[in-house]
Amino acid sequence: MDAVNKVINEDLQKERDKCKFNVAELTAFLDGGDKFTQKRREKENRVFSIQGLRDAVPDEYMSHKERYENAVRKAVIMHQTLGTLEDKTLTEYETARLALRATTSSAIFKENSPLMLHYSMFANVIEGQGDEKQREYWLKKINNMEIIGTYAQTELGHGTFIRGLETTAEYDPKTEEFVLNSPKLTAYKWWPGGLAHTANHCVVMAHTYSQGKSCGIQPFMVQIRDLETNMPMKGVKLGEIGAKLGFNTVNNGFLGFENHRIPRDRMLMKNSQILKDGTFISSPNSKLTYGTMVYIRVSILGTMANTLGRAVTIATRYAAVRRQSQPKPNEPEPQILDYVTQQHKLFIGIASSHAYYISCFWLWTLYHRVTKELAVGNMDNLAELHALACCLKATTSADAAVLVERCRLACGGHGYMLSSNLPQIYANVTAANTYEGENTVMLLQTARALVKAGMQVAQGQKVSPSMAYLADQSKMAKWDSSVDGIVKGFQKVAAGKVAACLASLQRHTNNGQSAEDAWNLTSVQLVAASEAHARVILLSVFKSEMDVQTLTLSGETRTVLFQLVQLYTIYWALEKVGDLLLPTTTTTYSVSICDTAMRCDGWMDETSLFEKSTIQTSARTGIAGLVLSGLVYDSAVYPELVHQSLTSWPLQ
Ligand SMILES: CCCCCCCC/C=C\CCCC(=O)SCCNC(=O)CCNC(=O)[C@H](O)C(C)(C)COP(=O)(O)OP(=O)(O)OC[C@H]1O[C@@H](n2cnc3c(N)ncnc32)[C@H](O)[C@@H]1OP(=O)(O)O
Ligand SMILES: Cc1cc2nc3c(=O)[nH]c(=O)nc-3n(C[C@H](O)[C@H](O)[C@H](O)COP(=O)(O)OP(=O)(O)OC[C@H]3O[C@@H](n4cnc5c(N)ncnc54)[C@H](O)[C@@H]3O)c2cc1C
């Protein structure tokens with residue numbers, strides 16, 4: 001066994017020794033500063049030092065029930081170790097940023113936890129939907145685990161269409177209570193994490209009626225289990241929805257009501273209210289009720305960064321230690337990391353993980369600004385936040401699922417082993433394409449905003465900052481192969497697609513189609529326009545944030561970060577070269593792209609676009625070094641975990 005460990009460490013160490021940048025400096029940069037790195041590491045080391053978190057038997061050999069019980073056991077340990085996550089010395093933004101990076105460690109245990117929804121949505125929905133008195137009363141109980149909750153919105157019959165939800169809450173002024181019912185099987189809540197056996201409270205989104213009139217979808221705090229016996233309350237039916245592709249310890253369940261009565265003050269009344277006599281006071285904006293979903297969509301960018309970061313760390317380290325084939329006679333088998341095809345599979349994952357981090361922190365800043373504006377009744381930037389959260393959640397989760405699967409494939413047979421952890425990471429990441437807003441639906445939401453912005457541009461009106469490029473009528477400058485040049489190209493592509501959608505909508509309505517049918521007939525183009533817009537945001541934010549945020553970093557660290565920006569940008573230029581060649585861009589631009597695309601075919605070979613830049617010579621060491629130095633996932637734990645999973649893998 002020693003000989004084997006020595007071979008693995010030797011190769012891994014050799015790669016790490018080639019790293020040319022300051023690992024500590026880049027770690028602190030990603031964490032938001034040295035103080036955050038220290039706080040994060042303290043949290044991670046506390047978690048990973050707990051022996052009780054290690055499974056006696058791999059959980060894939062446990063029954064469904066045993067896996068759940070094991071997950072509850074670990075969730076309790078996690079909570080006892082981490083306590084309330086609150087660190088009163090941090091601002092709200094800093095707390096969010098630390099939580100995103102710190103989930104690197106706790107994500108492994110928390111994202112598969114029966115308490116996932118308690119931590120991720122239950123507290124947030126009370127924060128966002130409860131009035132002052134309700135926040136004061138419930139948040140204390142939530143933070144010290146006096147109650148365990150979840151977010152119950154989706155039903156068997158409806159997930160996307162919230163206005164179609166069938167659970168009802170009818171106000172009874174005689175008793176000043178709401179009566180909850182699930183009138184049909186399709187009205188049963190279906191999916192909420194922790195609902196099956198773990199949560200004893202939940203926020204229920206229900207179609208509310210008072211004085212014989214609909215009051216739309218409103219949030220209610222509902223106790224569903226007895227706190228002593230943990231048995232369902234009277235008029236409450238609960239159960240497990242069954243085995244899934246992943247998240248099999250999150251305890252997703254179903255919930256039905258039969259004349260279940262709750263006091264009036266259980267309606268969360270920050271945005272809308274129902275008075276004692278049944279008078280309904282509606283929210284200034286009915287979509288404020290959807291606020292928690294925006295919060296989770298923003299955090300999903302960070303979850304995708306972490307999840308992809310974990311997968312590409314495992315795959316790149318494997319590529320450093322796996323030796324295979326003999327392209328040169330009489331020479332030792334090379335590390336598979338030396339194959340350019342292997343670099344092509346993995347380096348985009350490293351670059352994307354960093355791009356998602358940077359975009360997530362950028363979007364968090366907007367989220368916190370808009371949340372403060374909403375608190376004083378200013379709704380001006382809510383639509384922009386919603387549009388960005390929708391298309392970025394959809395695009396990062398779709399890309400991350402593809403890239404995590406690519407990491408698995410890059411590890412050959414060993415990637416197919418559950419002991420690699422890559423199948424489990426894939427099962428979790430692909431769920432993000434569906435939860436918190438199915439991706440197609442999310443892209444169509446952003447398309448609504450893009451079509452509206454396209455029409456405003458046509459009328460010479462100002463549009464939101466993220467869509468201002470739609471108004472840029474300048475011709476494309478000659479292709480200069482710079483990142484800014486490519487970003488400009490993507491802006492032209494997105495503007496062209498939005499214009500094409502407007503023309504298509506117009507054509508269909510001119511042919512007598514209703515607005516709804518015209519929208520449906522154009523919807524494939526609308527999704528493509530929304531994806532193109534998301535690509536503009538991801539590329540431009542990655543570049544602009546790096547321009548600003550890296551000024552204080554050392555030369556080598558700035559170099560490797562800009563190599564990631566360059567790789568990410570040119571990768572997507574090649575992926576979408578068909579769009580970039582479309583007539584919507586100027587001829588000069590098209591020809592130059594075509595020329596570059598052909599020169600890039602070799603992808604980092606001598607004739608590539610990178611020949612003048614350092615990327616071709618140092619990419620192998622620079623970018624790979626980023627991972628092998630433990631940076632992409634800087635956690636003292638990972639080498640050990642990865643080493644352990646590597647050593648437990650069947651070796652050649
Ligand atoms: C610790 C580790 C954690 C790791 C794991 C991560 C955490 C995982 C956590 C949870 C798991 C998943 C939990 C869930 O899935 S909860 C359920 C999520 N469900 C959804 O997201 C449902 C999606 N559907 C909707 O949001 C809506 O139905 C809709 C698709 C937006 C349609 O709504 P509606 O029909 O009312 O609206 P319209 O399309 O007609 O649009 C009307 C206008 O409203 C604007 N709008 C819509 N939504 C919002 C919003 N949220 N905020 C602001 N504005 C909004 C929309 O833009 C329209 O405006 P316009 O001006 O165009 O008219
Ligand atoms: C792992 C996981 C955890 C979850 N946790 C929770 C939770 O804790 N709480 C909770 O409330 N929910 C939860 N959900 C449910 C989740 O939010 C829904 O699955 C999601 O909102 C999609 O709704 P749906 O399943 O009804 O799919 P549907 O909306 O039925 O989508 C099916 C197909 O129809 C298409 N479609 C639907 N509407 C449109 C449209 N208007 N235009 C074009 N195409 C459309 C979609 O694009 C998709 O291809 C979870 C789901 C998963 C997978």
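FYI, the numbering just counts along the sequence from 1. First listed ligand is number 1; within each ligand, the first listed atom is number 1. Since this is a predicted model, take the numbers as computed values, not measurements.
Checked against a 3.5 angstrom limit, the closest N/O atoms of Ser120 and ligand 1 fall outside it. Distances between N or O atoms of Arg163 and those of ligand 1 include at least one value under 3.5 Å. Any N or O atom pair closer than 3.5 Å counts here, and Tyr151 shares no such pair with ligand 1. Taking only nitrogen or oxygen atoms, main chain and side chain alike, Thr160 reaches within less than 3.5 Å of ligand 1. Backbone and side-chain nitrogen or oxygen atoms of Tyr290 are examined, and one is located within less than 3.5 angstrom of a nitrogen or oxygen of ligand 1. For ligand 1, the polar-atom distance check against Gly437 finds a nitrogen or oxygen pair separated by under 3.5 Å.
Less than 4.0 angstrom separates some heavy atom of Gly159 from each of these atoms of ligand 1: 22 (C). Every atom of ligand 1 with a heavy atom of Val441 under 4.0 Å away is listed here by number and element: 30 (C). Every atom of ligand 1 is numbered from 1 in the order shown, and the set under 4.0 Å from a heavy atom of Met293 is 18 (C), 19 (N), 20 (C), 21 (O), 22 (C). Ligand-side atoms of ligand 1 in range of Lys452: 60 (P), 61 (O), 62 (O), range being under 4.0 angstrom from any heavy atom. Of all atoms in ligand 2, numbered sequentially from 1 with element shown, those under 4.0 Å from a heavy atom of Leu117 are 8 (O).
With respect to atom 35 (C) of ligand 2, the closest heavy atom belonging to the protein is Glu438 OE1, 4.6 Å. Looking at atom 7 (C) of ligand 2, its nearest protein heavy atom turns out to be Pro192 CA, 3.4 Å. Counting protein heavy atoms only, atom 15 (C) of ligand 2 is closest to Thr154 OG1, 3.3 Å. In this structure, atom 30 (O) of ligand 2 lies nearest to the protein heavy atom Thr160 OG1, 5.0 Å. Closest to atom 1 (C) of ligand 2, if we only count protein heavy atoms, is Phe247 CD1, 3.7 Å. Distance from atom 43 (C) of ligand 2 to its nearest protein heavy atom, with residue and atom name: Leu444 CD1, 3.7 Å. Among all non-hydrogen protein atoms, the one lying nearest atom 40 (C) of ligand 2 is Val441 CG2, 4.1 Å. The protein heavy-atom contact nearest to atom 19 (O) of ligand 2 is Thr434 CG2, 3.7 Å.
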Name the atoms and distances for all side-chain donor-acceptor pairs under 3.5 Å in residues 441-453, with sequence neighbours left out.
residue: Gln445; atom: OE1; partner: His386; partner atom: NE2; Å: 2.8
residue: Thr446; atom: OG1; partner: Ala387; partner atom: O; Å: 2.7
residue: Thr446; atom: OG1; partner: Cys391; partner atom: N; Å: 3.2

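Note: Phe178 and Phe220 meet the aromatic proximity criterion, with ring centroids under 6.0 Å apart. Checked against the 6.0 Å centroid threshold, Tyr367 and Trp364 count as a close aromatic pair.
When Met304, Glu438, Met116 are ranked by how near their heavy atoms come to atom 8 (C) of ligand 1, first place goes to Met116. Of the listed options Met442, His158, Gln153, Arg297, Arg297 places a heavy atom closest to atom 21 (O) of ligand 1. When Glu436, Lys287, Gln445 are ranked by how near their heavy atoms come to atom 39 (O) of ligand 1, first place goes to Gln445. Considering only non-hydrogen atoms, atom 6 (C) of ligand 2 lies nearest to Trp191 out of Tyr435, Trp191, Trp190, Tyr151.
In this structure, atom 9 (N) of ligand 2 is in close contact with the protein, since a protein heavy atom lies within 4.0 Å of it. Protein heavy atoms are absent from the 4.0 Å sphere centred on atom 33 (C) of ligand 2. In this structure, atom 21 (O) of ligand 2 has protein heavy atoms in its sub-4.0 angstrom surroundings. In this structure, atom 25 (O) of ligand 2 has its sub-4.0 angstrom surroundings free of protein heavy atoms. Of the protein's heavy atoms, at least one falls inside 4.0 Å of atom 28 (P) of ligand 2.
Remark: Asp31 engages Arg40 in a salt bridge, criterion side-chain N to carboxylate O under 4.0 Å.
The side-chain hydrogen bond (donor to acceptor under 3.5 Å, both in side chains) with Asn112 is formed by just one residue from the set Asn248, Asp59, Asn428; it is Asn428.
In the displayed structure, Glu60 atom CD is contacted under 6.0 Å by more than 12 heavy atoms of other residues, nucleotides or ligands.
When non-hydrogen atoms are compared, ligand 1 lies under 4.0 Å from the side chain of Val294 (C-beta onward) but not from its backbone.
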